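When reading the values below, keep in mind they use all heavy atoms of this one structure, side chains included, and skip hydrogens, waters and symmetry mates. Because the structure is predicted, anything quoted here is derived from the model rather than measured. Counting from 1, the numbers follow the sequence of the chain as shown.
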Amino acid sequence: LTNNKKIVFAEPTVSTGAPGLDKQVRLFPTPFVDQFTVEVNDLPSATLRLFDAQGKLVVEQNLDNGVNTVAAAKLPKGVYHAVVTSGNRS
């Protein structure tokens, strides 16, 4: 990308302590520029929290089952950590 900013996730794969949760959430593309997609399968009341490299919460968005688009054009270039929670699972 020439004049565009690139934003990447610190960990491009889903890693959880909850069995099977990694198969219920997909986040792409990585890296992204203006938006990214979070695909959620069979997770009630899921929430995305996006943290910057300093640990500051920069995006919080409720997620519907299916495909969710997250606008990120206003985020500065950098590395981010995404956390998806559903109930007591993350």
Side-chain angles (χ1 to χ4, degrees):
L1 303 174
T2 54
N3 293 327
N4 292 331
K5 61 184 176 184
K6 274 191 179 180
I7 300 173
V8 298
F9 291 108
E11 186 64 41
T13 59
V14 175
S15 175
T16 77
L21 189 58
D22 57 336
K23 293 174 180 50
Q24 292 176 285
V25 177
R26 206 173 79 139
L27 197 142
F28 59 92
T30 178
F32 65 92
V33 177
D34 293 328
Q35 67 183 23
F36 61 93
T37 301
V38 182
E39 186 177 332
V40 178
N41 297 304
D42 298 322
L43 283 180
S45 304
T47 302
L48 166 73
R49 289 181 181 85
L50 189 64
F51 298 90
D52 67 13
Q54 286 75 42
K56 178 182 172 191
L57 178 65
V58 294
V59 172
E60 184 169 23
Q61 179 174 322
N62 292 330
L63 301 172
D64 296 321
N65 276 309
V67 175
N68 299 266
T69 301
V70 179
K74 294 183 180 181
L75 292 176
K77 180 179 176 180
V79 176
Y80 292 85
H81 179 74
V83 177
V84 175
T85 58
S86 176
N88 63 353
R89 298 168 34 176
S90 63

Approximate separation, where rounding is to 0.5 Å, of L27 CG and T37 OG1: 8.0 Å

If you compare all heavy atoms of T69 against all heavy atoms of Q61, which two are closest, and at what distance to 0.1 Å? O-NE2, 3.5 Å

Heavy-atom distance under 4.5 Å between the side chains of L63 and L43, does that happen here? no

If you look at every heavy atom in P29 and Q35, which pair is closest and at what distance? CD-O, 4.4 Å

Using side chain to side chain donor-acceptor pair (under 3.5 Å) as the criterion, list what pairs up with E60, not counting sequence neighbours. R49

Calculate, to the nearest 0.5 Å, the distance between atoms OH and CZ belonging to Y80 and F32 respectively. 7.0 Å

Closest heavy-atom pair and its distance - L50, L75: CD2-CD1, 3.7 Å

Can you run down the salt bridge (charged side-chain N to carboxylate O under 4.0 Å, His left out) pairs that involve residues 78-88, sequence neighbours left out, and say none if there aren't any? none

Donor-acceptor pair, Q24 side chain versus D42 backbone, under 3.5 Å? yes

